Amino acid sequence: MTSVLQAMVANPSYLTTCAHPPSVLLEKPTPHGGKFWKAVTHPNDLALQWGRLNTAGQGRVLELARCARGNPVQEMMDRALAKIHEGYRLCWVTF
């Protein structure tokens, strides 16, 4: 994700050129079957989705003004690291 942040410094519209938007999927085992947390960046927002495994869960979209430093990739990285500290494990990341 750091490489994406660096690319965005050089080219602020970098996300519009990505064939696949940068995204992260995390999962955490629980006594009730587990939970997931997913984030997908877009040029103008960050889409979040979370819930129990094997369900659609719930979602929320953060507009740029609500993202760290007005950057959806930075917001995704900050939130993913916080989730990992809560016990989530990385399933996949795309960028």
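Just so it is clear, the values below take in all heavy atoms, side chains as well, and ignore hydrogens, waters and symmetry mates. As the structure is a computational prediction, the values presented were derived from the model and not from experiment.
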S.K.: Test of understanding: with side-chain contact (heavy atoms from CB on, under 4.5 Å), list the residues that count as partners of Arg52, not counting sequence neighbours.
M.R.: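 Arg52 satisfies side-chain contact (heavy atoms from CB on, under 4.5 Å) with His32, Thr55 only.
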S.K.: Should Leu64 and Val4 be regarded as members of a common hydrophobic cluster, given that ILVMFWY residues are connected when their side-chain heavy atoms come within less than 4.5 Å of each other, either directly or indirectly?
M.R.: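 Leu64 and Val4: separate clusters.
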S.K.: Show me the pairs that pass salt bridge (charged side-chain N to carboxylate O under 4.0 Å, His left out) and involve residues 2-23, at least two apart or across chains.
M.R.: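 Every pair satisfying salt bridge (charged side-chain N to carboxylate O under 4.0 Å, His left out) with a residue in residues 2-23: there are none.
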S.K.: Looking at residues at least two apart in the chain, or sitting in another chain, which of them share a salt bridge (charged side-chain N to carboxylate O under 4.0 Å, His left out) with Arg60?
M.R.: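 Partners of Arg60 under the salt bridge (charged side-chain N to carboxylate O under 4.0 Å, His left out) test: none.
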S.K.: Among the clusters formed by ILVMFWY side chains lying less than 4.5 Å apart, do Val61 and Trp50 turn up in the same one?
M.R.: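 No, Val61 does not connect to Trp50 through the hydrophobic network.
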S.K.: Can you tell me which residue pairs pass the side-chain hydrogen bond (donor to acceptor under 3.5 Å, both in side chains) test with a partner in residues 33-45, sequence neighbours excluded?
M.R.: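 Sorted result for residues 33-45: empty, none.
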S.K.: Run the side chain to side chain contact (heavy atoms under 4.5 Å, CB included) check on Leu26 and Ile84 step by step: do they pass?
M.R.: CA-CA 8 Å; Leu26 305 173; Ile84 289 170; 4.2 Å; yes
S.K.: Are Val24 and Leu90 packed together at the side-chain level, in the sense that at least one heavy-atom pair is separated by less than 4.5 angstrom?
M.R.: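 Yes. Closest side-chain heavy atoms under 4.5 Å.
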S.K.: Which heavy atom of Leu46 sits nearest to which heavy atom of Cys67, and what is that distance?
M.R.: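 Smallest interatomic distance, heavy atoms only, reads CB-SG, 4.2 Å.
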S.K.: So which pairs with a foot in residues 61-78 pass salt bridge (charged side-chain N to carboxylate O under 4.0 Å, His left out), sequence neighbours left out?
M.R.: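 Pairs touching residues 61-78 that pass the test: Glu75-Arg79.
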S.K.: Taking only residues two or more places apart in sequence or in another chain, which ones pass side-chain contact (heavy atoms from CB on, under 4.5 Å) with Glu86?
M.R.: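 Testing Glu86 for side-chain contact (heavy atoms from CB on, under 4.5 Å), a comparison that skips the adjacent residues, returns Lys83, Tyr88.
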S.K.: When you compare the side chain of Leu15 with that of Pro72, does any pair of heavy atoms fall below 4.5 Å?
M.R.: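 The answer is yes, as the side chains (C-beta and beyond) meet within the 4.5 Å cut-off.
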S.K.: Apart from Trp92 itself, what residues make up its hydrophobic cluster when side-chain heavy atoms of I, L, V, M, F, W and Y under 4.5 Å apart count as a link, directly or indirectly?
M.R.: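 Joined to Trp92, directly or through intermediates: Leu25, Phe36, Leu53.
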S.K.: Can you sort out the partners of Leu5 under side-chain contact (heavy atoms from CB on, under 4.5 Å), two or more places apart, ordered by chain and number?
M.R.: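 Leu5 satisfies side-chain contact (heavy atoms from CB on, under 4.5 Å) with Asn71, Val73, Gln74, Met77 once adjacent residues are dropped.
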S.K.: Which value, rounded to the nearest 0.5 Å, describes the distance between Met76 atom CE and Ser23 atom OG?
M.R.: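 It is 6.5 Å, given to the nearest 0.5 Å.
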S.K.: Listing request: all salt bridge (charged side-chain N to carboxylate O under 4.0 Å, His left out) pairs with a residue in residues 10-31, at least two apart in sequence or in separate chains.
M.R.: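 Passing the test, one end in residues 10-31: Glu27-Arg89.
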S.K.: If I compare all heavy atoms of Cys18 with all of Pro22, which pair ends up nearest, and what's the gap?
M.R.: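 Scanning both residues, the minimum pair turns out to be SG-CD, 4.4 Å.
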S.K.: So, using side-chain contact (heavy atoms from CB on, under 4.5 Å) as the criterion, who are the partners of Ser13 when residues are at least two apart?
M.R.: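 With neighbours one apart ignored, the set is Asn11, Thr16.
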